[in-house]
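Please read the structure below before turning to the comments.
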2 protein chains.
Amino acid sequence: MHHAFEVDESWMREEGASTAEWLTERPSPSRILQRDECLYCMGAAAEGVHEVVTGVLKSVVVHPDGREQVVGFHVPGDIVGYDALVQSTRSCSVVALDTAGVRSLPPVCLGRQGAETAALADIVTGLFRDLQRLTDQIYLERATTRQRVAAFLLHQARDLARQGCSERELVLPMNRRDLACFLGLAPETLCRALSVLRRRRLIGVERNVIHIRDSAGLQAEAAGNE
Amino acid sequence: MHHAFEVDESWMREEGASTAEWLTERPSPSRILQRDECLYCMGAAAEGVHEVVTGVLKSVVVHPDGREQVVGFHVPGDIVGYDALVQSTRSCSVVALDTAGVRSLPPVCLGRQGAETAALADIVTGLFRDLQRLTDQIYLERATTRQRVAAFLLHQARDLARQGCSERELVLPMNRRDLACFLGLAPETLCRALSVLRRRRLIGVERNVIHIRDSAGLQAEAAGNE
DNA sequence: CGACAAATTGAGTGTTTTCAACGATCGTGG
DNA sequence: CCACGATCGTTGAAAACACTCAATTTGTCG
């Protein structure tokens with residue numbers, strides 16, 4: 001498979017004002033979650049929408065055959081729980097990867113006339129962002145392992161840089177298993193890909209800390225130019 | 001030509017007529033598209049949201065390298081063009097697979113106060129449905145070829161049944177290449193998978209007409225029980 | 001230190017892709 | 001009406017790729 005796709009801004013999450021905005025002022029969490037604690041569980045009654053304030057969470061879907069799929073990771077500023085707006089039960093579980101803080105957003109009733117249109121606009125924007133992210137992810141699903149991993153690392157670095165962290169020294173908040181599950185790989189395959197990138201001097205790997213040594217090389221890798 | 005199985009000749013009706021006997025009355029299209037004609041193109045100015053009235057369209061993302069990804073198919077009743085609500089340029093192209101009719105929906109301004117909340121609610125619902133469909137698709141991406149194909153056929157059958165067509169005799173509106181692209185497979189792989197399902201007596205394949213002979217067997221196949 | 005889990009590496013297996021060839025279908029023009 | 005070419009669909013064989021299973025190393029915590 002030789003998908004030579006560019007890693008340009010287009011597949012990154014929608015940028016925008018939310019970036020600088022939450023850097024400066026961040027609301028205080030109304031609830032603190034411990035590691036592996038559920039914000040809510042699949043199948044439970046859906047009540048309300050939440051914003052991630054600190055920490056990282058994952059959305060997990062458990063399929064009838066028992067396989068679990070990590071649908072996405074959520075960093076501060078992200079909104080989770082849209083399903084509450086449309087249906088009565090949760091369609092996925094949201095779990096804290098580590099200690100994390102979230103806050104509840106004011107309830108919005110879709111059916112009622114005169115509902116807060118501003119809130120609805122935010123929701124539409126957030127949903128659309130998720131939609132694009134999923135589309136991008138589907139494209140990544142069809143790339144080779146190394147492309148996927150390289151693209152993910154660049155994406156992550158970009159994300160962290162926006163939050164003021166170094167863009168060369170990125171700390172993965174999730175373990176290999178979760179990351180592999182998210183990327184749709186076997187943990188061993190992910191590990192091998194990281195090893196290859198390390199051997200090629202593109203990155204340094206120190207457990208959960210990835211050091212990006214050759215950003216351009218990584219982009220070439222993500223684009224399929226080997 | 002010898003039919004290896006009973007073929008209901010009703011599918012001989014022209015393509016757009018697959019939805020001819022719709023239960024409720026449907027709005028009249030404001031625009032007719034010919035085969036391979038673009039409703040709108042990726043990168044173009046995004047203006048307005050459309051509803052599919054007749055025929056089938058596909059959403060296509062063309063990547064910098066020229067490769068194209070079929071993001072989804074749209075049947076009558078579907079809404080396309082949500083990106084106009086959020087951004088100024090189209091993020092994908094929408095192309096008619098065959099003659100198709102669409103109508104423009106009344107414009108909705110996200111920012112304005114007192115906007116039509118009913119319309120917004122519809123939009124949120126539609127977006128959320130797309131989101132779930134993409135989540136399902138990502139799950140399918142990680143399944144084997146036969147699972148993917150079986151699941152797609154069942155999904156398609158269910159869709160058509162909702163429109164009053166036979167749920168055993170389904171007409172694929174897209175060619176193998178588009179379908180393979182949508183499923184993330186090589187056309188040859190898709191073809192082989194169909195042949196396997198046919199050899200197992202789960203389906204009959206006659207060009208673009210798929211006859212579902214063993215729905216339960218197909219479901220087992222889709223679930224991974226072989 | 002020792003036990004346990006996570007991460008890494010190796011070898012073998014299975015699936016999908018690629019490349020190539022062939023048959024069928026359809027539209028066009030002679 | 002038929003021949004022709006173009007496209008699509010199908011099948012075969014070989015290669016590339018990721019997965020599974022197993023063993024080893026590394027890191028963490030009691």
Side-chain angles (χ1 to χ4, degrees), chain A residues 1-4 35-36 65 67 69 97-98 140-150 152-153 171-200 203-211 221 224 226, chain B residues 1-4 7 11-12 14-15 34-36 58 67 69-70 97-99 140-150 152-153 171-200 203-211 221 224 226:
Chain A
M1 194 168 0
H2 295 65
H3 290 199
R35 177 196 173 112
D36 289 333
D65 56 8
R67 284 169 38 185
Q69 174 196 359
L97 291 185
D98 210 322
L140 275 186
E141 293 281 330
R142 303 178 180 177
T144 63
T145 294
R146 285 202 310 278
Q147 283 178 300
R148 254 182 283 193
V149 174
F152 172 81
L153 291 177
V171 179
L172 301 181
M174 70 295 285
N175 61 23
R176 294 281 191 276
R177 185 180 160 282
D178 275 340
L179 180 54
C181 186
F182 173 68
L183 292 176
L185 301 171
E188 298 96 328
T189 307
L190 166 61
C191 199
R192 272 182 250 274
L194 287 174
S195 296
V196 169
L197 295 178
R198 171 169 49 77
R199 231 169 280 130
R200 293 188 187 176
I203 62 174
V205 180
E206 187 76 24
R207 200 72 172 173
N208 275 7
V209 182
I210 307 289
H211 183 84
E221 196 73 49
E226 8 222 317
Chain B
M1 201 63 240
H2 324 294
H3 292 244
V7 173
W11 68 272
M12 294 296 240
E14 52 110 356
E15 315 261 329
Q34 299 306 320
R35 176 194 174 116
D36 288 334
K58 61 176 176 181
R67 279 177 176 278
Q69 175 193 5
V70 175
L97 292 185
D98 209 320
T99 306
L140 279 185
E141 294 283 326
R142 302 178 182 177
T144 64
T145 294
R146 285 202 311 276
Q147 280 178 298
R148 254 183 281 196
V149 175
F152 172 81
L153 291 178
V171 180
L172 301 182
M174 71 295 283
N175 60 23
R176 294 282 192 276
R177 185 181 159 280
D178 276 339
L179 180 54
C181 187
F182 173 68
L183 293 175
L185 301 171
E188 297 95 329
T189 309
L190 166 62
C191 196
R192 272 182 250 274
L194 288 175
S195 296
V196 169
L197 295 179
R198 171 169 49 78
R199 232 169 279 129
R200 292 189 187 173
I203 62 175
V205 180
E206 187 75 21
R207 206 70 173 172
N208 274 8
V209 183
I210 307 290
H211 183 84
E221 197 73 49
E226 13 220 316

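So you know, we letter chains A, B, ... as the sequences are listed, proteins then strands, and number each from 1.
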Under 4.0 angstrom, heavy atoms only, what part of the nucleic acid is A/Arg198 near: base, sugar-phosphate, or nothing? sugar-phosphate

With side chains defined as the heavy atoms from C-beta onward, is the minimum distance between A/Arg176 and A/Asn208 less than 4.5 Å? yes

Using a cut-off of less than 4.0 Å, is there contact between a side-chain N or O of A/Ser195 and OP1 or OP2 of C/dT8? no

Under 4.0 Å, counting only non-hydrogen atoms across every strand here, what does B/Arg142 touch: a base, just sugar-phosphate, or nothing? nothing

Nucleotide nearest A/Glu188 when distance is taken to its side chain, options C/dA20, D/dC21, D/dC8: D/dC21

Atom-to-atom span, CG of A/Leu183 to P of D/dA18 - whole angstrom: 12 Å

So what does B/Thr189 touch, heavy atoms closer than 4.0 Å: a base, only the sugar-phosphate, or nothing? base

In whole Å, I'd like the distance from the CG atom of B/Leu172 to the C1' atom of D/dT10. 16 Å

At 4.0 Å (heavy atoms only), tell me whether A/Leu185 reaches a base, stays on the sugar-phosphate, or touches nothing. sugar-phosphate

What's the spacing between A/Ile203 CD1 and A/Leu194 CG if we round to 0.5 Å? 5.0 Å

Rounded off to whole Å, could you give me the CE-to-P distance for the A/Met174 and C/dA6 pair? 16 Å

Rounded to whole Å, the CG-P distance (B/Asn175 to C/dC26) equals 14 Å

Rounded distance in Å - CG (B/Leu190) to P (D/dG9): 9 Å

Both A/Glu206 and A/Gly184 contact DNA chain D. Which one's nearest nucleotide lies toward the 5' end? A/Gly184

Once you round it to whole Å, what is the distance between C1' of D/dA18 and CD of B/Glu141? 15 Å

Nearest to the side chain of B/Ala186, heavy atoms from C-beta on, is which of D/dC21, D/dT10, C/dT17? C/dT17

Does A/Arg207 reach a base, just sugar-phosphate, or nothing at all? Heavy atoms under 4.0 Å. sugar-phosphate

From A/Gln147, A/Arg142, A/Arg146, residue fulfilling side chain to side chain donor-acceptor pair (under 3.5 Å) relative to A/Thr144: A/Gln147

Is a donor-acceptor pair below 3.5 Å formed from side chain B/Arg192 to base C/dT18, judging by atom type as modelled? yes

Does some side-chain heavy atom of A/Phe182 sit less than 4.5 Å from a side-chain heavy atom of A/Leu190? no

Whole-Å gap separating C1' (C/dA5) and CG (A/Asp178): 14 Å

Could you check how far CG of A/Leu179 sits from C1' of C/dA7, rounded to whole Å? 13 Å

Residues A/Ala193 and A/Val149: closest non-hydrogen pair is CB-CG2, 3.9 Å

